[in-house]
There are 2 protein chains.
Amino acid sequence: MDNLNLQQYFIDHNLKPTPQRLTIAKFLLSTDTHPTAEEIHKAISNELPTPISLATVYNSLEALVKVGIIKEVLTEPNKVRYDKNITNHHHFINTKTGEILDIEPYELISKELIENYLLKNPKQKFKVSNYHITFYGQVEENS
Amino acid sequence: MDNLNLQQYFIDHNLKPTPQRLTIAKFLLSTDTHPTAEEIHKAISNELPTPISLATVYNSLEALVKVGIIKEVLTEPNKVRYDKNITNHHHFINTKTGEILDIEPYELISKELIENYLLKNPKQKFKVSNYHITFYGQVEENS
DNA sequence: CTAATGTTTAGAATTATTCTAATATTAGAA
DNA sequence: TTCTAATATTAGAATAATTCTAAACATTAG
Ligand SMILES: [Mn+2]
Ligand SMILES: [Mn+2]
Ligand SMILES: [Zn+2]
Ligand SMILES: [Zn+2]
């Protein structure tokens, strides 16, 4: 999403396209990492004429989550990370580096497979609306 | 695990079987819920002759995680929950009630299936040591 | 006994986040 | 263009979860 679309998206969702919100959104859309509010605050603090407050970063992130432009990701204890990738996808955590990688849900694990799987649980019937997998391990570079 | 085994388990793992640790461990082993440190503190505070401090609850939980008798579970932002179920298993979150249910990993989603799945990701080779699925949805009672 | 070691404790400190209430900005109406 | 009402931003206080500190306790080996 480019600048103009972003601006329009905000307007369409009753969100004033303030410099702070635009800067935060543009920053998130530009990175594949999953930064925390603090990391975002540090990263953008010199991209605005006047310093942005941490409260505004938190406020803006909440607003951006609400209009569906970003998502929260929970990986470590007591830390919320933010993700520009709003599609249903999974995460691979590199246990050596701590890096969080997006894993796209290809067809192999389908909704049907998942629901079948849960049907094996004898006690209750589960109606799954969503699911998220966190993989832990290491990454071997392709040769 | 009963009282005697618990005591022995602690000793075998160089952990003094203090009343505080035993009480916390027994409490966790007795519940299928996934309580927070605070909830545990409240729940056991009248099961000991003298009041237990919250610091001790945190210290003990850390020790119990270290010796592998319990696990941490991350579901909500900024909250750590504890789980007596140390087997590899998944969690179903009832989005109506917030309840967290254990889902045993039956064979349908095997390690091989998972690794195959990740092999479809063209960019990198993943060596998965572990994975955890969080399901969201509702539960229909069996008729 | 006594020393050494490990444990618990209250309360202070820290970290992440939310709240408050004053000020500033925005966007539409006049 | 102003004016105005609604929103947004801000600094700093407050809160929630957790960790740290250093003193008091308990247990055990000598
Ligand atoms: Mn954070
Ligand atoms: Mn907690
Ligand atoms: Zn992601
Ligand atoms: Zn569990």
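Just so you know, these numbers come straight off a predicted model, no measurement behind them. Here is the naming used below: chain letters follow the sequence lines, and residue numbers restart at 1 for every chain.
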Atom pairs and distances, donor-acceptor, side-chain atoms in residues 42-57 of chain A, under 3.5 Å, two or more places apart:
| residue | atom | partner | partner atom | Å |
| --- | --- | --- | --- | --- |
| A/Ser45 | OG | A/Lys42 | O | 3.0 |
| A/Ser53 | OG | A/Ala55 | N | 3.4 |
| A/Ser53 | OG | A/Thr56 | N | 3.1 |
| A/Ser53 | OG | A/Thr56 | OG1 | 3.2 |

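Spacing between atom CD1 of B/Ile40 and atom C1' of D/dT18 amounts to 14 Å, rounded to whole angstrom units.
The pairing partner recorded for D/dA24 is C/dT7, the criterion being a Watson-Crick or G-U wobble arrangement whose two distances lie under 3.5 angstrom.
Interface residues of residues 20-33 of chain B facing DNA chain D, ordered by number: none; criterion, heavy-atom separation under 4.0 Å. Listed by residue number, the members of residues 63-74 of chain B with any heavy atom below 4.0 angstrom from DNA chain C form an empty set.
A tilted orientation is assigned to the rings of A/Phe135 and B/Tyr131, their planes being inclined by 30° to 60°.
Between A/Tyr136 and B/His132, the ring center distance fails the sub-6.0 Å criterion.
In this structure, B/Thr56 does not reach the C/dT8 phosphate: none of its side-chain N or O atoms is under 4.0 Å from OP1 or OP2. Residue B/Asn78 places at least one side-chain N or O under 4.0 Å from the OP1 or OP2 atom of C/dT17.
For residues 19-47 of chain A, every residue pair satisfying the ring-ring contact (aromatic ring centres under 6.0 Å, His included) rule, not counting sequence neighbours, is listed here: A/His34-A/His91. Applying the salt bridge (Lys or Arg N to Asp or Glu O under 4.0 Å) test to residues at least two apart or on different chains, the pairs with a partner in residues 48-66 of chain B are B/Glu62-B/Lys66.
For the pair A/Val57 and B/Glu62, both in contact range of DNA chain D, the more 5′-proximal nearest nucleotide belongs to A/Val57.
For the side chain to side chain contact (heavy atoms under 4.5 Å, CB included) test, no residue two or more places apart in sequence or in another chain qualifies with B/Asn59. Partners of A/Glu76 according to the salt bridge (charged side-chain N to carboxylate O under 4.0 Å, His left out) rule, which considers only residues two or more places apart in sequence or in another chain, are A/Arg81. Under the side chain to side chain contact (heavy atoms under 4.5 Å, CB included) criterion, A/Asn14 pairs with no residue, sequence neighbours left out. For A/Thr31, the side-chain hydrogen bond (donor to acceptor under 3.5 Å, both in side chains) partners at least two apart in sequence or on another chain are A/Thr33. By the side-chain hydrogen bond (donor to acceptor under 3.5 Å, both in side chains) test, A/Ser30 is found to be paired with no residue, residues two or more places apart in sequence or in another chain being considered. Applying the salt bridge (charged side-chain N to carboxylate O under 4.0 Å, His left out) rule to A/Lys71 yields no partners; only residues at least two apart in sequence or on another chain are considered.
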Treat primed atoms plus P, OP1 and OP2 as sugar-phosphate and everything else as base, then score nucleotides 20-30 of chain C 5' to 3': B for base contact with protein heavy atoms under 4.0 Å, S for sugar-phosphate contact only, - for none. ------BS---
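Closest contact between the side chain of B/Tyr58 and the listed nucleotides D/dT19, C/dT9, C/dT17 involves D/dT19.
A/Pro51 comes within contact range of the sugar-phosphate backbone alone, with a heavy-atom separation under 4.0 Å but no base atom that close.
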